[in-house]
Amino acid sequence: MKYWVLVVISLCLLAACGDEEAMKQEEESNGDSKSVTVEKEVEEPSEDSSAKEEEKEKKEDAAGEEDGSVEPQYIMNNIWTFEPIEDAKEDVVLLTFDDAPDQFGLEMAKKLKEYNAPAIFFVNGHFINTPEKEEILKKIYDMGFAIGNHTMSHPSLQDISVEEQKSEIVGLNDQIEEITGERPEFFRAPFGQNTEYTEQLAKDEGMLLMNWTYGYDWEAEYQDAESLADIMVNTELLVPGANLLMHDREWTAEAIPQIIEGFEEKGYGFIDPSRIMLDEKKER
């Protein structure tokens with residue numbers, strides 16, 4: 001009898017051990033499944049990875065701008081204003097500053113940069129005739145502003161010979177390229193006075209020839225910041241795509257914040273020169 005009792009007890013113990021071993025194997029299996037699940041969850045995109053992807057896209061866009069591969073958004077018409085291409089913003093103006101860098105060009109560039117407002121600085125060669133002025137021009141360029149050609153010595157091109165016209169324009173292009181590493185893409189003649197030769201020369205040099213829509217800072221009644229800002233923003237000549245002419249002047253430099261804020265209050269933006277189509281002009 002005792003023998004059978006021992007047999008039964010042994011069988012029970014063996015069964016219990018088997019159940020315990022099965023439970024352990026099941027727990028280990030469940031543990032492995034949880035590990036796999038966790039690993040899969042880690043592989044799912046997180047908010048950080050999405051942010052990194054957006055940052056990557058921004059860098060790629062910036063790289064496109066640097067290598068000149070950006071698509072143009074505006075085209076100049078034959079009355080010197082700019083029209084949007086496809087769905088670009090219509091209520092915009094182009095900021096331009098002639099006779100740079102005289103005395104206030106760098107200050108103006110810094111103020112524009114604070115407001116993230118792009119512009120073209122049209123340069124005269126006699127304002128970059130010293131190492132110090134060359135350095136100022138390079139700083140303006142390095143801040144991201146377009147550098148335009150406004151001739152070497154600001155003559156009336158209609159009053160000088162063809163050879164002199166070429167020297168005034170091509171000579172300055174060469175000088176600007178030596179300083180900045182890039183030839184100008186925009187040309188504006190002094191006093192807006194072009195000749196058939198300079199029009200063709202600008203085209204041959206790959207520059208968009210432009211005049212302007214309006215400007216006031218050379219008139220005596222607007223040679224203070226408040227009155228200049230008021231007329232620039234509220235003139236009846238303001239139209240979408242207006243090409244605004246200003247100069248390297250003390251009162252103009254002082255007026256820049258008011259001018260920018262005034263246009264923004266009216267819902268206007270500012271044309272990035274790198275987004276202007278250069279190789280053709282729209283008839284209007």
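All values reported here derive from a predicted model rather than from experimental measurement. Residues: numbered from 1 along the sequence shown. No hydrogens, no waters, no symmetry mates; every other heavy atom, side chains included, goes into these values.
- In this structure, CD in Glu199 is found 12.0 Å from CG in Asp204, a value given to the nearest 0.5 Å.
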The test is side-chain contact (heavy atoms from CB on, under 4.5 Å); show your working for Phe263 and Leu244 and say whether it passes. CA-CA 12 Å; Phe263 279 119; Leu244 307 186; 3.5 Å; yes

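- Tracing side-chain contacts under 4.5 Å through hydrophobic residues (I, L, V, M, F, W, Y), one never reaches Tyr141 starting from Phe127; they form parts of separate clusters.
- Annotation: the span from Asp248 atom CG to Asp102 atom CG amounts to 5.0 Å, rounded to 0.5 Å.
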Practice task
In sequence, state the C-alpha distance, the side-chain angles, and the governing distance for Phe186 and Met207, and then conclude on side-chain contact (heavy atoms from CB on, under 4.5 Å).
Solution key: CA-CA 5 Å; Phe186 305 96; Met207 295 186 292; 5.8 Å; no

_Gln73 vs Ile85, side-chain contact (heavy atoms from CB on, under 4.5 Å): CA-CA, chis, key distance, verdict_ = CA-CA 5 Å; Gln73 294 180 328; Ile85 299 173; 5.5 Å; no

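- Summarising the geometry, atom OG1 belonging to Thr195 is positioned 3.5 Å from atom CD belonging to Gln165; distances are rounded to the nearest 0.5 Å.
- Between Lys203 and Leu208 the shortest side-chain heavy-atom distance does not fall below 4.5 Å.
- Put simply, the side chain of Phe122 reaches to within 4.5 Å of the side chain of Thr96, judged on heavy atoms.
- Under the 4.0 Å criterion applied to side-chain N and carboxylate O atoms, Lys111 and Glu107 are assigned as salt-bridge partners.
- Proximity of a side-chain donor or acceptor of Gln158 to a complementary backbone N or O of Asn194 within less than 3.5 Å is detected.
- Of the N and O atoms on the side chains of Tyr216 and Thr235, at least one donor lies less than 3.5 Å from an acceptor on the other residue.
- Distance check, rounded to the nearest 0.5 Å: CE of Met108 to CD of Glu250 gives 11.0 Å.
- Not less than 6.0 angstrom separates the ring centroid of His150 from the ring centroid of Phe121.
- What you find for Pro190 and Leu157 is that their closest heavy atoms are CD-CD1, 4.3 Å.
- Between Ile140 and Pro101, the closest side-chain pair of non-hydrogen atoms falls below 4.5 Å.
- One hydrophobic cluster, built from ILVMFWY side chains closer than 4.5 Å, cannot hold both Trp212 and Leu237; they sit in different ones.
- The heavy-atom pair separating Ala119 from Phe97 by the smallest distance is CB-CE1, 3.8 Å.
- Summarising the local packing, CD of Gln193 is surrounded by more than 12 heavy atoms from other residues, nucleotides or ligands at distances under 6.0 Å.
- Side-chain contact between Leu238 and Val233 is absent, with no heavy atoms from C-beta onward closer than 4.5 Å.
- Residues Gly171 and Met152 come closest through the heavy atom pair C-SD, 4.0 Å.
- Contact annotation: the side chain of Asn243 approaches that of Phe82 to within less than 4.5 Å [non-hydrogen atoms, C-beta and beyond].
- With hydrogens and angles disregarded, a donor-acceptor distance shorter than 3.5 Å links the side chain of Trp251 to the backbone of Asp217.
- Shown here is Glu90, whose CD atom has no more than 12 heavy atoms of other residues, nucleotides or ligands within 6.0 Å.
- For the residue pair Glu221 and Ser227, no side-chain donor N or O sits within less than 3.5 Å of a side-chain acceptor on the partner.
- Residues Glu164 and Ser167 have side chains that never bring a donor and an acceptor to within less than 3.5 angstrom of each other.
- Contact annotation: the side chain of Gln223 never approaches that of Arg249 to less than 4.5 Å [non-hydrogen atoms, C-beta and beyond].
- Taking CG of Leu209 as the reference point, atom CD of Gln200 lies at 11.0 Å (rounded to 0.5 Å).
- The distance from the CD atom of Glu135 to the CD1 atom of Ile128 is 13.5 Å, given to the nearest 0.5 Å.
- A continuous path of Ile, Leu, Val, Met, Phe, Trp and Tyr side chains, each step under 4.5 Å between heavy atoms, connects Leu95 with Leu106, placing both in one hydrophobic cluster.
- Formation of a donor-acceptor pair under 3.5 Å by the Thr180 side chain with backbone atoms of Lys138 is not found in this model.
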Please determine whether side-chain contact (heavy atoms from CB on, under 4.5 Å) holds for the pair Asp98 and Val123, giving the CA-CA distance in whole Å, both sets of side-chain angles, and the decisive distance to 0.1 Å. CA-CA 6 Å; Asp98 285 8; Val123 171; over 6 Å; no

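- Residue-environment remark: CG (Asn116) stays at or below the threshold of 12 foreign heavy atoms within 6.0 Å.
- A distance-only check finds a donor-acceptor pair linking the side chain of Tyr74 to the backbone of Lys89 [under 3.5 Å].
- With no hydrogens or angles considered, a side-chain donor-acceptor pair links Tyr115 and Glu261 at under 3.5 Å.
- Glu205 and Asn173 share a donor-acceptor pair across their side chains, judged by distance under 3.5 Å alone.
- For the pair Lys266 and Asp91, the salt-bridge criterion is not met [side-chain N within less than 4.0 Å of a carboxylate O].
- Put simply, the side chain of Glu134 never gets that close to the backbone of Gln175: no donor and acceptor are under 3.5 Å apart.
- In terms of modelled atom types and a separation under 3.5 Å, the side chain of Asn77 and the main chain of Thr81 share a donor-acceptor contact.
- Panel note: side chain Tyr214, backbone Met232; a donor-acceptor pair is recorded below 3.5 Å.
- For the pair Asn234 (side chain) and Asp230 (backbone), a donor-acceptor distance under 3.5 Å is present.
- Residues Arg183 and Asp174 are in side-chain contact: their nearest non-hydrogen atoms beyond the backbone lie under 4.5 Å apart.
- The two atoms that bring Ile160 and Pro155 nearest to each other are CD1-CG, 4.0 Å, heavy atoms only.
- Ile169 and Ile120 end up in the same hydrophobic cluster when Ile, Leu, Val, Met, Phe, Trp and Tyr side chains are linked at under 4.5 Å.
- Remark: side-chain polar atoms of Asn129 are paired, donor with acceptor, to backbone N or O of His126 under 3.5 angstrom.
- Side-chain contact, His154 with Asn124: no donor N or O sits under 3.5 Å from an acceptor N or O.
- Contact of the Pro273 side chain with the Phe145 side chain is not registered, since no non-hydrogen atoms from C-beta on lie closer than 4.5 Å.
- In this structure, the side chain of Glu168 engages the main chain of Ser153 through a donor-acceptor pair within 3.5 Å.
- No path of Ile, Leu, Val, Met, Phe, Trp and Tyr side chains, each step under 4.5 Å between heavy atoms, connects Phe270 with Ile276, placing them in separate hydrophobic clusters.
- Here the shortest heavy-atom pairing between Asn149 and Phe187 reads O-CD1, 3.3 Å.
- Residues Leu228 and Ala255 share a closest heavy-atom pair of CD2-CB, 4.1 Å.
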